[in-house]
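Written below as structure tokens is the structure these notes are about.
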Amino acid sequence: MKKVLSLFLAVLMLTGVLALVSCGSGGAVDLTVGAVYIGSQTEPAGYTYAHANGIKKAIEALKKEGYNVKLLVRDNVPEEDAAVTEAIDALAGQGCELIFGISFGYLNAFSSAAEKPEYKDIVFSHATGYLSNETNFNNYFGRIYQARYLSGIAAGLKAKANGVKGQDNKYHIGYVSAYGTEYAETCSGINAFTLGVQAILGDEALVHVKTINTWGDPQKEKQAAEALINTYGCVVIGQHCDSAQPQIAAQNAGVFGCGYNSDMTESAKDAHLVAPIWNWDVYYKLAMKTVITDRTAFMEDVGNYYGGLKEGFVDISPVSKNCTSDTQDKVDAVRELIISGEWDVFSNVKLSFDADGKVVRTESALVTNEGKTVISADNSSYYVLNDAGEPVAVEGGASAVDSIIKGSMNYFVAGIEVEND
Amino acid sequence: MKTMKRFHIVRREGVSLRRKCLYYVIAIFSALLLGALLLLTCGVNPLDYYAKVFTIGLSTARFPAKQVENFLNALVPLVLTSLALSVAYKMRFWNVGGEGQFLIGATAAAAIPLGLGSVGGTVPTLLLMAAAAMLASALWGGITAFFKVKFGTNETLLTLMLNYVALYFVSFLGETKGKWNFFLRTDSDRPIFASVFDTVAMPALRIGDFSLSLALPLTVLICVFLWFYLKKTKQGYEIAVIGDSPGTARYAGMKTGWIVVRTMLLSSALVGLAGFFKLMTSGSLSASITDNVGWTGVVVAWLSKLEPLGIVATSVLICVLRFGCSQASVNVSAVDSRFSDILQGVILFAVLAADFLLRFKIAKKEEAC
């Protein structure tokens, strides 16, 4: 008994001594930022990593400009209002002046926190949401569909160069997606990718979509990609899911693919073409800097943020060696059109390339894969589908308005086939 | 002829209370020490860290009242669920369906304001919600007792499986848009649960910045009631007898079947009530609304030997650890909030080891062979 006690005391003292050794302190802080993450901040890849990395990069960039930003994090916070509220309270309690929430399900908790009088000086910023207020609560997301269109061009070029067609004399391209038309985010991504493919292949392309009903499950992602390759003979695999498994499956089968979120060339050296990627740091830097310089101007200067290629918020990863030689030029040409604001993906103008590689614009209606017109050829009217699958008119503009792309889009364009198990 | 030493495990008799306490304290301290070593390897100062954990981050908080509120909001469902489960365990009925019963309770409670709106004011609505929660959970849990009594099914398996049925049911509600689905926000294109706070809120007593939810005093009352029920009433005695020996109970003329069903109805109804209380702090349903209390409650109930007061004490300890670790993790990026899970696991093992050493000793015995 005595032995046990003395050993116990010895270890206790040792720990005490070691504990006193480690200490630290920082300089004057210009801004304290809080972040609520759905996953763990120590994850090496994935959604939380993308945001955590973006925030870190933004803080480093601001440091170079002479601003000292302190970051406080609550991670592994589930989409449960009490848990999110508790996380917000903890961050606010530690003096955060700007709090980011990265997951859609944080919506209720973020919007009610922003309304609390004791938090009126704190700015709340919610990714992927749709709520906001006039003083201290915004949402942010990006035009990833623009990057997906560019990746579709790379995919189309590769399929054409590859030359393998199915029995129906069409190029078969696969797409592993978390969800289908249930979410405008996935639906607009699939459509944009397909329209990019069609810029090269026209109606010779058929895009097969397989949904896995989860945002990330490496096993399901792999199986879906394998099914697309083995069953439909797909030669390029696009994806809207978290892991690089679809790209690895493509590499193993000797075909090609476009990843998502980050450059997946590392994971599939011989298969990966380009990946639509997010540069979250672009937004995070803007938001932090605005709060530092003039917090009251946040909703005017930043507001509800929906950045695209123009802001550098979304992009494609560097064109890999697996791409065809003309990929870079063609992608750049379209990128130019989008950045200048001359053209956007969901409009009545379809792009293609002539023999010299010049962009050709053709006016034509955007039609769903069930034959319903959703953007008229003269650009006069825009539609989404009602519960019965019939088009109902919605507000339009030079191209589809953001509320369609972010929220109400619920159709697949012609050239897409959904493959159910 | 050779002699050989063999080790035997021998039951220990007459352990003093002082020794018991000493063993448990050493167990908890050893666990914390192991945690401290882990923290050191991550480059975190364990003294600072533990100071934050055991003060639940109050020392540096700008809004200390909120911290206390959140702590109590996390504590109430855990205490109530653990108590409820312990009622069934007294009878040796292994109700591991706390998660499912909690979810069903919360869902039934949410259905009232979201489906019917305010029913004649705050108080009637809240009463109706509580009743719905308790009734739905009682049926969800009671069915397992019914099957056990009627057909001799295994209640562990049944309650466990029903957890997943409830979980997927709630996930389904949360992911399926439709005109019938009144649980969802109507203004969102993407499915997300609506908040009941637009219709009804839990009455709370305001003391300065601090607001004390009615759920806390109610839980204390239930705790006292359960202590009285288990120790002092005939029904409580019946539960104890069935737990010790169902044969004796039957021989003594007790209607064991009905007692099992009745007790399980009570147990799961109380878990449902915990679900209702939690809903009134969250505002909206979610698949993770349980905060795992259905599982943690099992641990709490056993660690405290099914004693109501022990349950309250153990719940407070576990809640301080979990809540405190979350608070501490805000300032420490090297360890995330899940550190509390490790600590909790180590403490559990250490306490179980202490328990073992209190009940048994390892004795040497020389034997001829």
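What you see is a predicted model; the values in this text were computed from it and never measured. Values below: all heavy atoms of this structure, side chains included; hydrogens, waters and symmetry mates excluded. Reminder, nothing fancy here: chain letters follow the sequence lines and each chain counts from 1.
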Subject >> Under 4.5 Å from a heavy atom of chain B, the part of E118(A) involved >> reply: both

Original post:
Quick one: of E69(B), K177(B), Q327(B), who has the most non-hydrogen atom pairs under 4.5 Å with chain A?
Top reply: Q327(B)

Original post:
chain B heavy atoms under 4.5 Å from A184(A): which part of the residue, side chain, backbone, both or neither?
Top reply: neither

Original post:
Which bit of F104(A) comes within less than 4.5 Å of chain B, counting heavy atoms only: side chain, backbone, both or neither?
Top reply: both

Subject >> Contact origin within N73(B) toward chain A - heavy atom pairs under 4.5 Å >> reply: neither

Original post:
Any chance CG of D209(B) has more than 12 other-residue heavy atoms, nucleotides or ligands included, within less than 6.0 Å?
Top reply: no

Original post:
Considering only heavy atoms, which portion of A92(A) lies under 4.5 Å from any heavy atom of chain B: side chain, backbone, both, or neither?
Top reply: both

**OP:** Would you please say whether a donor-acceptor pair under 3.5 Å links the side chains of Y130(A) and D187(B)?
**Re:** yes

Original post:
If you count the non-hydrogen atoms of other residues, nucleotides and ligands that lie under 6.0 Å from CZ in F349(B), is the total more than 12?
Top reply: no

**OP:** Any chance you could measure I192(B), atom CD1, to N108(A), atom CG, to the nearest 0.5 Å?
**Re:** 5.0 Å

Subject >> Nearest non-hydrogen partners of A82(A) and K278(B), listed with the distance >> reply: CB-CE, 3.7 Å

Original post:
Side chain, backbone, both or neither: which part of E86(A) has a heavy atom under 4.5 Å from chain B?
Top reply: both

Subject >> Over 12 non-hydrogen atoms of neighbours within 6.0 angstrom of OH in Y168(B) >> reply: no

**OP:** Nearest 0.5 Å please: distance from the CD atom of E175(B) over to the CG atom of N213(A).
**Re:** 8.0 Å

Subject >> Residue-level contacts of residues 56-64 of chain B with chain A, using a heavy-atom cutoff under 4.5 Å >> reply: G57(B), T60(B), A61(B), R62(B), F63(B)

**OP:** Taking all non-hydrogen atoms of both residues into account, name the closest pair between S282(B) and D81(A) and its distance.
**Re:** O-CB, 3.1 Å

**OP:** Please state whether the side chain, the backbone, both or neither of F193(B) comes within less than 4.5 Å of a heavy atom of chain A.
**Re:** backbone

Subject >> Criterion side-chain contact (heavy atoms from CB on, under 4.5 Å) on V73(A) and V330(B), from CA distance to verdict >> reply: CA-CA 5 Å; V73(A) 171; V330(B) 167; over 6 Å; no

Subject >> Over 12 non-hydrogen atoms of neighbours within 6.0 angstrom of OH in Y411(A) >> reply: yes

Original post:
Could you give the distance from SG (C187(A)) to CG (D189(B)), rounded to the nearest 0.5 Å?
Top reply: 11.0 Å

Original post:
With distance as the sole test, does N70(B) use its side chain to make a donor-acceptor pair with the main-chain N or O of D89(A) at under 3.5 Å?
Top reply: no

**OP:** Could you check which of G283(B), S284(B), S329(B), S195(B) has the highest count of heavy-atom pairs closer than 4.5 Å to chain A?
**Re:** S284(B)

Original post:
More than 12 foreign heavy atoms under 6.0 Å from NZ of K57(A): is that the case here?
Top reply: no

Original post:
Less than 4.0 Å between a side-chain N and a carboxylate O, is that true for R190(B) and E182(A)?
Top reply: no

Original post:
When rounded to the nearest 0.5 angstrom, what distance separates CG in L285(B) from CD in E80(A)?
Top reply: 9.5 Å

